[in-house]
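See structure below.
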Amino acid sequence: MDYKFSEIEGKWQAFWAKNGTFKAENSSNKPKYYVLDMFPYPSGAGLHVGHPLGYIASDIFARYKRLKGFNVLHPMGYDSFGLPAEQYAIQTGQHPAITTTQNINRYREQLDRIGFSFDWSREIKTSDPNYYRWTQWIFQQLFNSWYNTNSQKAESIDILISIFQNEGNHGVKACASESDEFTASQWNSFDEATQQKILLNYRIAYLADSWVNWCPALGTVLANDEVKDGYSERGGHPVEQKLMKQWSLRIAAYADRLLQGLDLVDWTDPIKEMQRNWIGKSEGAAIAFQLLGHSENITVFSTRPDTIFGATFLVLAPEHELVNSITTQNYIEAVKAYQQSAAVKSERDRMSDVKTISGQFTGAYVQHPFSNEKIPVWIGDYVLASYGTGAVMAVPAHDSRDYAFAKHFNLPIVEVVAGGDISIASYDAKEGTMINSDFLNGLNVKEAIRKVIEKLEAAGIGKGKVNFRLRDAIFGRQRYWGEPIPVYYKNEIPYLIASEDLPLNLPEVDKFLPTEDGEPPLARAKDWKYKGQYNYETTTMPGWAGSSWYYLRYMDSQNEQEFANADSLKYWNQVDLYIGGSEHATGHLLYARFFCKFLFDLGYLNFDEPFKKLINQGMIQGRSNFVYRINGTNQYVSYDLKEQYQTTALHADVNCVENDQLNISKFKASFPEYANAEFVLSAGKYHCGFEVEKMSKSKYNVVNPDDIISRYGADTLRMYEMFLGPLEQSKPWNTNGIEGVHKFLRKFWKLYHDEQFNFSINEAAPSKEAYKSLHKLIKKVQEDIERFSFNTSVSSFMICVNELQDLKCNNRAILKELVVLLSPYAPHIAEELWALLGYENGTLSTTAFPTFDPSYLVEDEFSYPISINGKTKINLAISLQLEQQAVIDLVLSSEDVQKYLEGKTPKKVIFVKGKIINIVL
RNA sequence: GCCUGGGUGGUGGAACUGGUAGACACGCAGGACUUAAAAUCCUGUGACCCUUAUCGGUCGUGCGGGUUCGAUUCCCGCCCCAGGUACCA
C-alpha cells in the first residue's frame, strides 16, 4: 500500500481515543513526569498554525518520556474567558457562552487531528462553573488572608482579628494599605462597618482606587489593547485616565519571594531576567520634604539619597494627591491644563516619549531637610503616580531625565558627585567623590548613601527603604465574560458569599454593554441579589484569574469537593516541563507563581514554585495587513496616500486581502461597522500596509492548520513545524519547504515496502553501515530531545533515511528501532508500521526507547582540515591513533602542504586532536 | 523610552564548549523515465575574479571596531526587526 496518511491518521487517532492510551493514573510504580502546555484561548478564528508549535514540542517530549518509562501527565484545556468573545457578543448579541462552546468544539476537532497524546479525561474550561467555582474559592481565600511581614507569609484574617482584639494594630507588621493606629479597646469599640473597613486595608484581596482607561462615549473602561493613540479602537472616541475603585491583589507583598524563587527554577536566563526587571527591586531612601505653608510633607523615594544636596526641585506626578491642595492661586489654571493634557496620555506614552519635555510649576515650595533652602515643586508627566511615591527629588546633575527637565525650564543644576562634566550631560554613574554636600563631602557614593540615611533616620525625616517596581494587581474588570467576584455588599461593605453558595454563576443580561450610568454589564442582571436582598459585586475577574492555577486542577479535574485532592497534588507536585510563549514572561508566569506561593502559605501545596522547568517557544508570527481610517470618519485611505491625512491604522483580516490589495466587498462584510465604509483608492485599488507581528485573532492574521493536514497529513505538519527552526525562535509562517518533509515521510514509508508498495522486511542481520547510521541517529535524537532541539532531529532523520535508502537496508533489526525513534515526532505512521511489523497495537507508546551503542561509531581516521594562518586550504585523512608530533610531521612533509609553505618554516603549528591543524607562517 | 530576544545563500535553517560557514530541506537550472503530465530518481546551485575548461584566488554570518593562531560563536559601540511594557491572551 502507498502511504495513505489520511486513512492511517484517522485510524490511530480513533484507536488512541477508544483505548485511552494516554490516560494518566494518579499513582504508579513508574516515576511521574508532568508535561504542560500553556492552554489556548479558544478564539473564533480557530486554532492557528502558531498554537501547535509548542504543543507538538511538548507532545514529542511527553511521548519520549513515556518511552523512557515515566508515568506522564499531559493534559489540555481552554482558557475560555476573555475579551474577544465578549466583543463578538456585543457585536452580534450572541451569548459568549455559546460562541465559546462552538470555538472550543472547533479547537478540539483541530487538536484531535494533529494526534496529540493528551489525557482528555482531565480537560478543563476556565469558563465552566465547575472550574470557576474554585477560582472563586481561591479569591475567597485571598480575601480571608493578610500578609504578615514578620512570618513572611499569608495568614488567616482571623489571626489578625484576634491580634487586633488583644493588642490593637501597633505591633502588626503587614503588607497593607495605610491605616491609622488603634488599640485593642478602640478596636473592640469600633462598629462592624469600621472594623470591616480596617480589615479591607489588610486583606490580600482588597478594594483600591486605580487608574483606568475611561472612554466616556462608550461608557466603559478599555483595555490598553483597545486604545490606539488616545482613541478607542472601536468607534474612535477619545479616552482618558480616570480613578476607579477596584478589586486588587497584594502581589507586591510577595515581591521578594517572587524574586528569590527565580533562583530555584530551571528557566532560561532571559525569562528570569525579565521577571527580575519587572519586579524591579531597588534600594534607597524615602525622604520627607516639608511643604512651606502647609502641614503636609511630600515623601519621595530615591535610589540616590547621596545626591540630596543636588536636589534643586521636586517633581510630582500630575495626578499626585497633593497637587490640587498645594497649587497656589496664580498657577491653578496652568496646573489644571497640564493635568488635563497628561490625563489623555497613556502611561506607556508618557514613559516612551523622552524627547518632549513638559511640566508645570505649582507655585509651592518645600524646604530642603539639610540646607533649609527653598525648593520649588513642579509637576511633570515623566513622573508616574504608580511608581514609588509618585514624587521625585530632582537631581539634575546626576539624573538624565531631571537634567533634561532642568535645562528645558532653566532650573539650577548643582553638581554633588565629582567625575562628570555637567555642562554637557548629567553624570549618572554611582562612582565618585561627594562635593558641595556639607557633611557628605569627601565620601564616595556608597559611604554617602549610608551616611545620609543615618542622618535622615536620626532626624526622623526619612529612612532607608527597599522599593519594588512591581505593583499590586488590579483584579476587577468592567466586563461580562469573566468569573463573577463572589462578593456582596451590605451597607457598602463587601462580604464574601458563603462558600456553600459557590459557584456564583454569571447572571443573564439583556446586553453585554455597560449600563447607561457606566456600571459594568453585570449591573444589568435583573433580580440578581444575594439572599434576595444584597447587591453583588458587578465587576468580574481578569483573564489571568483562571489561568493562574489551572495546572493544579488537571491533577484532579473532576473533584467536586476540593480544587484538587491533597494526594494528587502531592503525587504530581510541580510541573516538570512547561512549554509556552515568552510573551507570558511577566504576566501569566508571575501571577501563577504568586497564586502558588499563596496556596503554599495556606498549606494546600507542598511546593511554592509551580513550574520546575520552562521552555519558551518562539512565536509563529503572522503577516498582518492594515487599513487606514481617517480620524473621526468611516473613510479609509490607501496605504500610499495615507500621509495626506490624519489616520489611525487598523488591522484588516488577512482573508480579505490578497497580495496586499484589499478585497473591498469582503472587507465590508467582515464587520458591521465596515459595512458603510468609504474608501480613498489609489489607481482604483486599495493597498494595505503590512507588518510581521504575532498571529492572533485581534490582529486578524490567523492561518489555520486544517488545510495543511488535509493536504499532507498531521505527521507532516508535526515534523514541518519542528523543521521550521529552533523552538524558541520566532518566525513568520510560510509553507515553503513543507514538500521536503512530506517527501521524507514517503521515503520513510518506502523503507518498509518494496517497489510495488508491498510491505517487505528482511530478517537477516544488518550491515555495519546500517548499524552505524541507526546509532548515529539514536544518539542525535536523544540528545536533541533532551535539549529541546527538535529541528535538528528532523534533519537527522532525513540523513539517516537517505543513508538507509542508499544502503538498500530493510532489516527488521534496524527498521524496528527506527519506528520507535520516529514515533514521538510522527506517531501515526509509526503506529501503522509498528502494526505492520507485527507488534501489538498500542504497545508502541510504552515500548523502550532504543539504546545507543557507541561501538558502532568508532572511527579510526579523521579528515583534518589544514589551515594556513587560520584559513582552511586542504583536508588530509590521518589516523586518530597518531599523537600531536607524529601528525604535525606528517602534515608538514605532505606535498600539498609544502606548496603552501613556499619554503618558509612555520612559526607555530596548532593541533587540536580530531578537530583542526592550523599552520601559522 | 525601558526590559528581553533575534539578524547566516533566492528561502527556512545547520555549525552543541572559539576549530572545515552554508548540514538538511525548499526554490531554481540541467538531465533520466513518460505520448504527455504528475510522481520518482540523478547532477549542479553563496557572491565575485582568473581560466577554453580544469587548477586556483578574493570576499562573505546586519554595520564599525577589538581580543585570538583561529570569531557566526567572546568584548565594545551602532543599525534594523520582533515580544513585553501592568485591562489582548
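Naming: A, B, ... by sequence-line order, numbering from 1 per chain.
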Measure from the side-chain heavy atoms of [X] and tell me the nearest of [options].
{"X": "A:Lys915", "options": "B:A23, B:C16, B:G19", "value": "B:G19"}
{"X": "A:Met798", "options": "B:A25, B:C88, B:C87", "value": "B:A25"}
{"X": "A:Glu583", "options": "B:A89, B:A25, B:C16", "value": "B:A89"}

### Query
Got a second to check how far A:Glu86's CD is from A:Gln91's CD, nearest 0.5 Å?
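Nearest 0.5 Å value for the CD-CD distance: 11.5 Å.
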Using both distances under 3.5 Å as the test, list the Watson-Crick or G-U wobble partner of [N], or none.
{"N": "B:A29", "value": "B:U43"}
{"N": "B:C78", "value": "B:G62"}
{"N": "B:G22", "value": "none"}
{"N": "B:A15", "value": "none"}

### Message
Cation-pi check for A:Trp549 against A:Arg593: NZ or CZ below 6.0 Å from the six-membered ring centre and within 45 degrees of the axis, yes or no?
### Response
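So A:Arg593 doesn't make the cation-pi contact.
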Grab the [atom1]-[atom2] distance between [X] and [N] for me, whole Å please.
{"X": "A:His742", "N": "B:G12", "atom1": "NE2", "atom2": "P", "answer": "23 Å"}
{"X": "A:Leu724", "N": "B:A25", "atom1": "CG", "atom2": "C1'", "answer": "11 Å"}
{"X": "A:Met274", "N": "B:G83", "atom1": "CE", "atom2": "P", "answer": "13 Å"}
{"X": "A:Tyr591", "N": "B:C87", "atom1": "OH", "atom2": "P", "answer": "5 Å"}
{"X": "A:Gln621", "N": "B:A82", "atom1": "CD", "atom2": "P", "answer": "8 Å"}
{"X": "A:Phe911", "N": "B:G19", "atom1": "CZ", "atom2": "P", "answer": "16 Å"}
{"X": "A:Glu728", "N": "B:U4", "atom1": "CD", "atom2": "P", "answer": "18 Å"}
{"X": "A:Asp225", "N": "B:A89", "atom1": "CG", "atom2": "P", "answer": "8 Å"}

### Task
Could you tell me whether the side chain of A:Asn918 has a donor or acceptor atom within less than 3.5 Å of a complementary atom in the base of B:C69?
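Side chain to base: pair present.
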Taking atom [atom1] in both [N] and [M], compute the distance separating them and give it to the nearest angstrom.
{"N": "B:G77", "M": "B:C69", "atom1": "C1'", "result": "27 Å"}
{"N": "B:G22", "M": "B:U73", "atom1": "C1'", "result": "15 Å"}
{"N": "B:A39", "M": "B:U45", "atom1": "C1'", "result": "23 Å"}
{"N": "B:U11", "M": "B:C59", "atom1": "C1'", "result": "22 Å"}
{"N": "B:U35", "M": "B:U8", "atom1": "P", "result": "46 Å"}
{"N": "B:A23", "M": "B:A37", "atom1": "C1'", "result": "33 Å"}
{"N": "B:G5", "M": "B:C74", "atom1": "P", "result": "12 Å"}
{"N": "B:C49", "M": "B:C26", "atom1": "C1'", "result": "30 Å"}

Given [N], is OP1 or OP2 found less than 4.0 Å from the side-chain N or O atoms of [X]?
{"X": "A:Lys873", "N": "B:U20", "result": "no"}
{"X": "A:Arg348", "N": "B:A86", "result": "yes"}
{"X": "A:Asn224", "N": "B:A86", "result": "yes"}
{"X": "A:Asn616", "N": "B:G5", "result": "no"}
{"X": "A:Lys731", "N": "B:G12", "result": "no"}
{"X": "A:Lys747", "N": "B:U40", "result": "no"}
{"X": "A:Arg477", "N": "B:C87", "result": "yes"}
{"X": "A:Asn802", "N": "B:A25", "result": "yes"}
{"X": "A:Thr872", "N": "B:A21", "result": "yes"}

### Query
Between A:Asp353 and A:Arg350, does a salt bridge (charged side-chain N to carboxylate O under 4.0 Å, His left out) hold up when you go through it step by step?
CA-CA 6 Å; A:Asp353 186 5; A:Arg350 281 167 58 171; over 6 Å; no
### Message
Just to be sure I understand the rule, does A:Tyr900 reach a base, reach only the sugar-phosphate, or reach nothing, if contact means heavy atoms closer than 4.0 Å?
### Response
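Sugar-phosphate, backbone atoms only, no base.
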### Heavy atoms from other residues, nucleotides or ligands near NZ of A:Lys780 exceed 12 (cutoff 6.0 Å)
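Correct, the count exceeds 12.
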### Query
Should the heavy atoms of other residues, nucleotides or ligands under 6.0 Å from CZ of A:Phe788 be counted, would the total exceed 12?
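Check passes, neighbour count above 12.
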### Query
Are A:Lys747 and A:Glu803 ion-paired here, with the side-chain N under 4.0 Å from a carboxylate O?
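A:Glu803 and A:Lys747: not salt-bridged.
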### Query
Between A:Lys779 and A:Glu783, is there a salt bridge with N-O shorter than 4.0 Å?
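Counted as a salt bridge, because a side-chain N and a carboxylate O are separated by less than 4.0 Å.
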### Query
Can you tell me if A:His237 and A:Ser232 form a side-chain donor-acceptor pair at under 3.5 Å?
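Per modelled atom types, A:His237 and A:Ser232 side chains form no pair under 3.5 Å.
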### Query
When syn is taken as a glycosidic angle within 90 degrees of 0, is B:G31 syn or anti?
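B:G31: anti.
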